[in-house]
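Heads up: the structure comes next, in structure tokens.
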2 protein chains.
Amino acid sequence: MSNIKPSGYIQPDYKPGKNDVVCDFYIEPNHGLNVEKAAEHVAAESSIGTWTAVSTMKPQIQKMGAKVFEIKGNNVKIAYPEELFEKGNVPQIMSSVGGNIFGMKHVKNIRLNDIHFTKDIVKSFRGPQVGVKGIRTLLKTHERPLLGTIVKPKIGLDEKEHAKVAYDAWRGGLDIVKDDENLSSMRFNKFEKRIKETLKLRDRAENETGEKKVYMPNITAETEEMKKRAEFVMSNGGEYIMVDIVTLGWSGLQTIRECNMDWKMVMHAHRAGHAAFDRNPKHGISMLVISRISRMIGMDQLHIGTASVGKMVQEDPAIILQNALNDEWHGLKRTFSVASGGLEPGMLPELVNKMGKDIIAQFGGGCHGHPGGTVKGAMAIRQAAEAVMQGIDLKNYAKDNNELAQALRKWS
Amino acid sequence: MSNIKPSGYIQPDYKPGKNDVVCDFYIEPNHGLNVEKAAEHVAAESSIGTWTAVSTMKPQIQKMGAKVFEIKGNNVKIAYPEELFEKGNVPQIMSSVGGNIFGMKHVKNIRLNDIHFTKDIVKSFRGPQVGVKGIRTLLKTHERPLLGTIVKPKIGLDEKEHAKVAYDAWRGGLDIVKDDENLSSMRFNKFEKRIKETLKLRDRAENETGEKKVYMPNITAETEEMKKRAEFVMSNGGEYIMVDIVTLGWSGLQTIRECNMDWKMVMHAHRAGHAAFDRNPKHGISMLVISRISRMIGMDQLHIGTASVGKMVQEDPAIILQNALNDEWHGLKRTFSVASGGLEPGMLPELVNKMGKDIIAQFGGGCHGHPGGTVKGAMAIRQAAEAVMQGIDLKNYAKDNNELAQALRKWS
């Protein structure tokens, strides 16, 4: 048997069609290779090839090889025949185009910057069940940004203390209260008791304010445990579940989304851990890719950052919002973009200017760090949103709104 | 209400005790901060703090803060009270110490190099069910490295072609055949049919060789689908399941391990995707950390690389083998270290020299790329192992072993 050489990965004349998945990579070659040669190895390793010609290769398989069809500097576009991917299986897709390639000696750096899925692959997933429109209907708030907080300290409060902080935020004027990413079920704050206490005070806050209020409890855990927690939330009148999508992983996330066909809750996605692989602009996987997959699986809300304000380094969330979460995509519902991470009221005008009004803005320290405490912090945030909606400068609006004035004095 | 300042994170005199989880970080400060200041922010963000003092802080919570107790250059050790973590919940643990910190503006780079868990946390997981000893008993091979191959081309063969390649590898002398990381259930190679065909030929290979042979089918998918696939393997006489641990994620992995209490199969862990976050020595999460968690959850076998030989860039797998997979760890069974990625027979002596004989060595292209095809490739690998076990130089051994001689001529 003669070896069939794995070749033909470089095809500059190839025009990708509707059955191709196209990946945009940044590739820096290693060891004196040029970009083309490194790209060839990447295309092989992420489709049908390996480091040496194998006797078991067959001509019909070579047709399934990935095709490098564009190289501009270090930016490389590779087309993959759709049949290389299992529909409805994100882990398999990522093992193909987001797997071994990151460790290859042929590259010094490689980053998966974007994926363009085929219609059939997108339609093999559920997409958001509630979406932006459904969330606005639930919250009865159609124009302004939705306003939320994270209970702080992020961990350490007991169940009743937690519920009280949430209650203060709601009655101060916020729509949404969420758990933080590392709060699940703790010795000092048990999941079930926290849910009961917090939803009880949500009801009170709704009665007192006449506004709809929601609580997003963090159910992140092993998959079966997440199911139990989600069902507990639902049976206690909660409308939301929150998941740490990166640290729990794609398999479990798909499972919870599938279960949610029955639950019909809103799924809020926290991205803790993303920056381990998306912070370096030359290596890893972009937040844009994570965002596309999150919407495809069916996250109704997704943390995407704060547009250069706040405490985190990030890709431009405005681009993610426009290109991955809010655009027409084979009929999938839209995912609400969540801005969070070091926000304070004074940042809201810039945030809305960059990301638009169709966002959820979450303030943690920027609420509870207010000199007057959580209620006044929440009032300041709501006042900032009113100012933005009326097109009034925050400093002007603060003249008649003392809570906002205090916040601006502290932080801006 | 007066604010309580979140402080006391720097405690150079603190001696971590048996109820502390200790994390080793590499921290490069940003924006003119020094390491100590950046470490303080990291300790806050990964335990009880945020970017500003909050009115909701309470004195008893401050005691739960993380403690930076050692700084040597950029290497920082932080102790976390065990109660910050939920036992049996890897996603929660990673959301705490492997979450937001990677995106913080206070650091330019940050890497979680190691985690030392408490006994109670370790014991809240299952650990390996079969382990090194159980696998050697199953394979009836107690001294030499176990020898395996990955069916190649990695994707594209149909079910019968796949089974035939496996059969050739087994009858040539290999113990183990595995699917590749991106092969799940494809249009051209359906999971169920592949399992049936391959296990049928495994039986034939066992009958013909009189040796025990095993097949590791890749069940990676959404969690419920993985369960179905695992049960299908079991009901067809398979003893192994393979999972892509990084792309499927911790929640689903814990679920499958839990189900495996009933199935009692060997769990093989592929690490495709790890290098997106562990390749940069200054940022991300180390493979050592991934290895510890994998053993704690209960992987019986784990890819850890090839000790500088082969096609991949990597952390030193010998250190991972010694410190995370093969050492005494509160009574947990040992995880078999799997060397894979660009191996060919000529590399086996160096591999064994660096990693010892208690490894599984897997040859993909280094088997099927043999000039004589898969059977002879497998023979060459087995011959190389015999030479290593007898302490004979490969070139000498190749004088009477033509398959090995051919392999050495091609690659070494």
Side-chain angles (χ1 to χ4, degrees), chain A residues 1 48 50-57 61 64 83-84 86 89 91-92 94-96 98-100 102-103 105 152-153 155-156 165 181-182 184-187 220-224 244 247-252 254-255 272-273 275-277 279 284-285 311-313 342 364-365 368-369 373-374, chain B residues 1 48 50-57 61 64 83-84 86 89 91-92 94-96 98-100 102-103 105 152-153 155-156 165 181-182 184-187 220-224 244 247-252 254-255 272-273 275-277 279 284-285 311-313 342 364-365 368-369 373-374:
Chain A
M1 189 196 293
I48 59 165
T50 187
W51 58 277
T52 184
V54 295
S55 57
T56 47
M57 180 59 75
I61 299 174
M64 293 168 58
E83 59 192 337
L84 290 172
E86 182 181 0
N89 187 341
Q92 190 274 342
M94 292 310 280
S95 287
S96 303
N100 285 353
F102 297 111
K105 283 183 178 171
K152 300 278 180 183
I155 199 163
V165 172
E181 77 285 349
N182 59 344
S184 53
S185 188
M186 323 307 294
R187 194 183 51 67
T220 301
E222 175 274 327
T223 319
E224 294 300 320
D244 294 349
T247 59
L248 81 82
W250 299 123
S251 286
Q254 284 195 242
T255 306
F277 55 77
R279 181 164 174 161
I285 303 171
K311 68 181 175 181
M312 299 291 181
V313 176
H368 316 294
T374 298
Chain B
M1 189 195 296
I48 59 165
T50 187
W51 58 277
T52 185
V54 295
S55 57
T56 47
M57 181 58 75
I61 298 174
M64 292 169 58
E83 60 192 338
L84 291 172
E86 182 182 359
N89 188 341
Q92 190 274 342
M94 291 310 281
S95 287
S96 304
N100 285 354
F102 297 111
K105 282 182 178 171
K152 299 279 180 183
I155 199 164
V165 172
E181 77 285 349
N182 59 344
S184 53
S185 189
M186 324 306 295
R187 195 182 50 68
T220 301
E222 176 274 326
T223 319
E224 294 300 321
D244 294 350
T247 59
L248 81 81
W250 299 124
S251 286
Q254 284 194 243
T255 306
F277 55 76
R279 181 165 173 161
I285 303 171
K311 68 181 176 183
M312 298 290 181
V313 176
H368 316 295
T374 298

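Heavy-atom basis, side chains included; hydrogens, waters and symmetry copies ignored. The sequence lines fix the lettering, A, B, ..., with proteins before strands; numbering per chain opens at 1. Fair warning: this is a prediction, and the values are worked out from it, not measured in the lab.
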Taking all non-hydrogen atoms of both residues, which atom of B/S95 and which atom of A/E181 are closest, and how far apart?
CB-O, 3.4 Å
Scored by heavy-atom pairs under 4.5 Å with chain B, the best of A/S96, A/G252, A/S185, A/G364 is A/S185
What pair of heavy atoms forms the shortest contact from B/P153 to A/I61, and how long is it?
CG-CD1, 3.9 Å
Using only atom types and a distance under 3.5 Å, with no angle test, would you say the side chain of B/S251 pairs donor to acceptor with the backbone of A/A221?
yes
Measure across B/M186 and A/E86 and return the closest heavy-atom pair with its distance rounded to 0.1 Å.
CE-N, 4.0 Å
Closest non-hydrogen atom pair between A/N89 and B/T220, with its separation
ND2-O, 3.0 Å
Tell me, do B/L84 and A/N182 make a side-chain contact under 4.5 Å, heavy atoms counted?
no
Which region of B/M94, side chain (C-beta onward) or backbone (N, CA, C, O), has a non-hydrogen atom less than 4.5 Å from a non-hydrogen atom of chain A, or is it both or neither?
both
Quick check: does any side chain N or O of B/T223 sit under 3.5 Å from a backbone N or O of A/T255, one acting as donor and the other as acceptor?
no
Between B/E222, B/M64, B/Q254, which has the largest tally of heavy atom pairs under 4.5 Å with chain A?
B/E222
So does A/Q92 get a backbone contact from the side chain of B/D244, meaning a donor-acceptor N/O pair under 3.5 Å?
no
Any residue meeting salt bridge (charged side-chain N to carboxylate O under 4.0 Å, His left out) with B/E224, in chain and number order, not counting sequence neighbours
A/K227, B/K227
Looking at B/G373 and A/S55, what are the two nearest heavy atoms and their distance?
CA-OG, 3.4 Å
Minimum heavy-atom distance between B/A276 and A/F277, given as atom pair plus value
O-CB, 3.7 Å
